[in-house]
There are 2 protein chains.
Amino acid sequence: MTDEPTRRRPTLDEVAERAGVSRTAASRVLNNAPHVSRDKREAVQRAIRELGYVPNPTARALATQQAGAVALIVAGDDPAVFADPFFGQVVAGATTVLEETDLHLMLCLATSARGQLRVQQLLHTRAVDGVMLMALREGDPLTRLALDADIPAVFGGRPLGQDVPSFVDVDNVGGARAATEYLISQGRTRIAMITGPLDTDVSRARHRGYREALTLAGLTPHGEEPGDFTELGGITAMDALLARHPDTDAVFAANDNMAAGALRALRRAGRTVPGDTAVIGFDDLPVAEVSDPPLTTIHQPIQALGQEMTRMLLALVAGGSPSPLLLPTRLVRRESA
Amino acid sequence: MTDEPTRRRPTLDEVAERAGVSRTAASRVLNNAPHVSRDKREAVQRAIRELGYVPNPTARALATQQAGAVALIVAGDDPAVFADPFFGQVVAGATTVLEETDLHLMLCLATSARGQLRVQQLLHTRAVDGVMLMALREGDPLTRLALDADIPAVFGGRPLGQDVPSFVDVDNVGGARAATEYLISQGRTRIAMITGPLDTDVSRARHRGYREALTLAGLTPHGEEPGDFTELGGITAMDALLARHPDTDAVFAANDNMAAGALRALRRAGRTVPGDTAVIGFDDLPVAEVSDPPLTTIHQPIQALGQEMTRMLLALVAGGSPSPLLLPTRLVRRESA
DNA sequence: CCTCTTTTTGGAAGCGCTTCCGGTCACCCT
DNA sequence: AGGGTGACCGGAAGCGCTTCCAAAAAGAGG
């Protein structure tokens with residue numbers, strides 16, 4: 001190794017020269033394109049090895065007009081929302097499929113005004129080849145921005161009040177129905193719901209599923225209280241529910257965090273679960289396994305969500321026109337219901 | 001708006017032409033550099049506005065030899081580790097400081113062999129201007145790779161068994177000592193510890209702090225059991241601890257997840273907390289507030305960690321040589337101890 | 001009014017790679 | 001042997017921006 005402190009990294013020209021071929025030929029073997037004779041190909045490969053050459057991605061990007069990266073954009077108003085393990089799993093899923101390509105993952109939290117602006121630039125400048133958007137609120141300007149930016153975009157969960165061509169979502173309505181029906185099948189009749197913030201499609205869909213199941217069974221909602229998807233919010237909502245309807249015998253929370261909160265509120269109120277009140281959640285996050293009692297919940301394939309979003313984006317980038325996707329959910333029976 | 005379907009985006013040349021100046025001048029106003037007369041500057045600005053010009057970041061990157069992005073690399077062997085809210089907070093912190101610059105955040109999970117490879121490429125090709133590395137295990141090849149790649153790098157938490165020039169860490173030893181001393185000050189004497197995986201510096205440091213406090217007080221460890229930083233691991237470890245030393249009157253868990261697990265194991269074993277056994281955690285994650293009882297724990301400024309890592313990286317990229325940083329921790333008293 | 005600075009200008013040379021396209025050359029078929 | 005037919009090959013033109021540098025313009029000073 002003759003590594004001078006900061007030697008300029010070798011360029012394709014140098015490789016070509018050393019291999020005694022044109023830069024064009026060198027480029028061809030790099031991208032293993034045809035029309036290079038066996039000899040030259042090998043000469044170039046040797047030169048590459050000897051020089052320790054590694055192509056400059058920026059130059060390649062400029063020449064090919066492809067950024068070599070896609071972005072995951074997380075909206076919301078608080079940077080802390082990203083601390084939700086949900087996103088971590090989505091990222092993990094996205095990563096597994098991106099790993100198989102030569103694209104990188106750019107992460108943008110569009111939570112502050114500054115952040116929104118930067119996302120806007122990102123879209124405008126085409127610094128990425130495509131974007132995945134999540135956690136959009138109703139009327140979030142980002143939705144239009146992304147749609148208008150003429151850049152491949154897939155949405156994780158449908159944005160409320162705006163039809164988008166490419167999205168992958170979870171069957172929230174079906175899951176919520178299944179949850180509620182399960183409660184009903186257990187003989188519960190005074191079923192309350194802790195909803196999510198109602199300016200999101202996911203919350204609305206889960207609420208709809210709950211209502212549908214109730215209607216089908218000839219029941220009516222026994223109290224509905226909005227939460228904010230946090231455990232604390234679940235506690236507050238459950239307290240409110242209990243105050244209004246002390247005879248509630250079951251509650252469906254729109255996510256596990258809130259269900260866990262409900263569990264705590266119920267215990268604090270001296271009620272047993274599932275004895276006095278059954279609780280069912282949604283998401284099947286880690287917390288569901290370790291809450292007390294463990295949560296019966298609707299499992300949603302979060303990592304798969306990340307994967308499918310990414311696959312769809314890749315298809316879009318490749319010029320395809322994939323159809324929207326709805327991922328299935330399934331009931332996970334544990335002890336809270 | 002005369003937006004044809006897919007009109008080529010305007011280039012700097014077009015701006016220059018329209019403004020009646022040279023491309024050089026146009027570039028100058030873009031980067032608001034000196035040596036441009038007032039008139040021309042305004043003309044260029046107008047042209048930019050009228051054309052809706054937005055500079056091409058790739059071209060700029062090629063010319064300036066700066067990627068315009070930094071990477072956050074998360075090691076570990078399971079993509080799911082990233083689901084830990086810890087990382088979410090780090091990302092949030094990093095984002096807040098990056099937002100003030102014109103750098104983007106690239107996220108890499110080096111959890112699979114494939115992932116490691118891609119990170120290696122990332123370093124080699126200089127696709128980013130700098131990297132932040134986290135969750136490195138002892139002897140992780142990534143450490144050397146990053147150090148050798150001749151690219152600005154800051155480590156989040158010191159990698160075990162390898163001195164690195166730039167890192168920001170939390171005062172794990174001090175925090176662990178404070179936690180243990182608090183337990184001691186409450187009159188506990190049979191104090192066990194649930195450690196993290198001992199091939200990480202953070203686990204070792206917290207363990208050391210625990211030992212130091214014990215020694216200072218003339219006490220000895222009352223059982224030590226390694227966990228894996230998950231709630232489940234905490235349950236298992238606590239069960240083991242209880243089996244060996246049923247008279248344990250306090251336990252210090254190396255993080256909140258495991259502390260929460262310990263809480264559950266203790267309850268299951270019919271013990272009261274803090275009555276029979278006091279429990280103290282580390283991290284002050286959201287779970288600490290909502291566990292039952294709420295966890296007394298050592299707060300560590302995770303978001304600040306992300307911020308400081310990023311600031312340090314920026315300093316490095318700018319050619320500076322910042323000193324390592326140790327962030328303070330503080331005891332948060334709740335009800336478990 | 002003329003010389004000496006100080007500013008302002010823009011031509012041109014990159015940054016490192018891809019790719020169009022016209023030219024070679026070997027080979028095969030009548 | 002002449003004419004095709006392809007597979008090779010490499011020159012050169014980009015991709016869109018920054019920046020060096022020589023030249024031109026504008027002030028300053030006498």
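Residue numbers start from 1 in every chain, and the chains themselves are labelled A, B, ... in the order their sequence lines are given, proteins ahead of strands. Bear in mind the structure is a predicted one, so any value in this text is a computation, not a measurement.
Protein atom CZ of Arg41(B) is 9 Å distant from nucleotide atom P of dT8(C), rounded to whole Å. In this structure, Leu62(B) atom CG and dC17(D) atom P are separated by 12 Å, rounded to whole Å. The CG-P distance, from Leu12(A) to dG11(D), rounds to 13 Å in whole Å. Atom pair Arg126(A):CZ and dG16(D):P shows a separation of 12 Å (rounding to whole Å applied). Between the P atom of dG10(C) and the CZ atom of Arg23(B) lies a distance of 13 Å, rounded to the nearest Å. For the pair Gln65(A) CD and dC15(D) P, the interatomic distance rounds to 8 Å; values are reported in whole Å.
Within 4.0 Å (heavy atoms only), Thr24(A) reaches at least one base atom of the nucleic acid. Using a 4.0 Å heavy-atom distance criterion, Pro55(A) is classed as a sugar-phosphate-only contact.
In this structure, Asn31(B) reaches the dT18(D) phosphate: one of its side-chain N or O atoms is under 4.0 Å from OP1 or OP2. A close approach under 4.0 Å does not occur between any side-chain nitrogen or oxygen of Thr58(A) and OP1 or OP2 of dC17(C).
A salt bridge links Glu100(B) to Arg114(A): one of the charged nitrogens lies within less than 4.0 Å of a carboxylate oxygen.
One cannot find a donor-acceptor pair under 3.5 Å joining the base of dG16(C) and the side-chain atoms of Arg9(A).
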key: Full working for salt bridge (Lys or Arg N to Asp or Glu O under 4.0 Å) between Arg18(B) and Glu50(B)   = CA-CA 10 Å; Arg18(B) 179 176 192 114; Glu50(B) 292 171 357; 2.8 Å; yes

